Amino acid sequence: MCGRFSLATDQTILQEHFEFLIHEELEFRYNIAPSQDILVVGSNGVDRVGTKMRWGLVPPWAKDTKIGYKMINARAESLDEKVSFKRPFQSQRCLILCDGFYEWKKEGNMKQPYRFMMKNNKPFAFAGLWERWDKGDKPLFTCTIITTKSNELLEEVHDRMPVILPEDKYDEWIDRNQTNYNDLKSLLVPYQANLMDCYPVSSLVNSPKNESKECIVNVNSL
DNA sequence: CCAGACGTTGTT
DNA sequence: GTCTGG
DNA sequence: CCAGACGTTGTT
DNA sequence: GTCTGG
């Protein structure tokens, strides 16, 4: 699954890679946790546009936002069946930008965190969905990360992994005119394991309070 | 029709 | 709001 | 995901 | 154990 990640890449590099417009300042994040604002890229019909949204999807009918804590991931296999995800899947798809994500592996009594990233160290995109909630003082935009079964690399740690989209699928995924949902679902597959890598990191990352660069350091190389 | 749920993961 | 279950 | 809280009343 | 908060 995916419950923690990083985005500590220069904004200029992100904009070169993802080619999106944005009207906000981005900051380096080493330990992003659910309920926090994350960088989402969608389409306005012409351009790709980046905005920040709260991680943890809150459906429009929810009385309060607590439900968002449980909606940080959405299973790819059942997107079009689940009431809360069906509409977002049909019309509110987005990219969620990232440059590494954390998974915890049980090793005896210990839980060892690992960071997964691309071998080429480039930023990448999770397949995501967003939603708008209007029962508060002002509109609240929230989002979720889609998961699928793990590839050979992730399998060592978990049986689920976030869906990572290849560059050449970005536009199809966020295209509001794409209504071939079978085609869209065919994008939601495990990412090629041989393009990815991982390494153990400090248990500093366990606490969302720790937001230092140490979170992304390979403890084997210390 | 109305009532009640609406979610994922991991662990037992 | 919308879907499933009864 | 992990960490940390988990409660009410009445009095100061 | 289960929920909320980050």
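We use all heavy atoms of the structure for the numbers below, so side chains are in, but hydrogens, waters and symmetry mates are not. All chains are named by letter (A, B, ...) in the order of the sequence lines, taking the proteins before the strands, and each is independently numbered beginning at 1. Keep in mind it's a predicted model, so treat the numbers as computed, not measured.
- Between Tyr69(A) and dC3(E) there is no side-chain N or O to OP1 or OP2 distance below 4.0 Å.
- Spacing between atom CE of Met1(A) and atom P of dT9(B) amounts to 6 Å, rounded to whole angstrom units.
- Between Tyr102(A) and Trp104(A), the ring planes lie tilted relative to each other; the angle falls in the 30° to 60° range.
- The phosphate of dT4(E) (OP1 or OP2) has a side-chain N or O of Lys66(A) nearer than 4.0 angstrom.
- Looking only at side-chain heavy atoms (C-beta outward), Gln112(A) and Pro200(A) come within less than 4.5 Å of each other.
- By the criterion of a centre-to-centre distance under 5.5 Å and near-parallel planes under 30°, the ring of Trp61(A) forms a stack with the base of dC6(B).
- In terms of phosphate contacts, Thr147(A) brings a side-chain nitrogen or oxygen within less than 4.0 Å of OP1 or OP2 of dT9(B).
- Evaluated for a salt bridge (charged side-chain N to carboxylate O under 4.0 Å, His left out) with Glu77(A), the options Lys82(A), Lys149(A), Arg160(A) yield exactly one hit, Arg160(A).
- Under 4.0 angstrom from either OP1 or OP2 of dT9(B) there lies at least one side-chain N or O belonging to Arg75(A).
- Within the structure, every side-chain polar atom (N or O) of Ser35(A) is placed at least 4.0 Å from both OP1 and OP2 of dG5(E).
- Spacing of C1' atoms, dA3(B) relative to dG6(E), comes out at 35 Å, to the nearest Å.
- For the OP1/OP2 pair of dC2(D) and a distance below 4.0 Å, the side-chain nitrogens and oxygens of Lys209(A) include no atom meeting the criterion.
- With C1' as the reference atom, dT11(B) and dG1(E) are 13 Å apart, rounded to whole Å.
- The side chain of Arg160(A) lies closest to dT9(B), out of dT9(B), dT8(B), dC3(C).
- Nearest to the side-chain atoms of Ala33(A) among the listed nucleotides dC6(B), dG6(E), dT8(B) stands dG6(E).
- Side-chain N/O atoms of Lys111(A) include one lying less than 4.0 angstrom from OP1 or OP2 on dC2(D).
- Among the protein residues, Leu57(A) comes within range of no part of the nucleic acid, since none of its heavy atoms lies under 4.0 Å from any strand.
- Glu172(A) and Leu184(A) make their closest contact through O-CD2, 3.7 Å (heavy atoms, listed as atom of the first residue, atom of the second, distance).
- What separates CD1 of Ile145(A) from P of dC1(D) is a distance of 12 Å, to the nearest Å.
- Counting heavy-atom neighbours within 6.0 Å of Lys52(A) NZ, excluding the residue itself, gives a total above 12.
- In the set dT8(B), dC6(B), dC3(C), dC6(B) carries the atom at the smallest distance from any side-chain atom of Ser84(A).
- Minimum atom distance to the side chain of Lys82(A) is reached by dT8(B), of the listed dG1(C), dT8(B), dC1(D).
- When the C1' atom is compared between dA5(B) and dG5(E), the two are found 25 Å apart, to the nearest whole Å.
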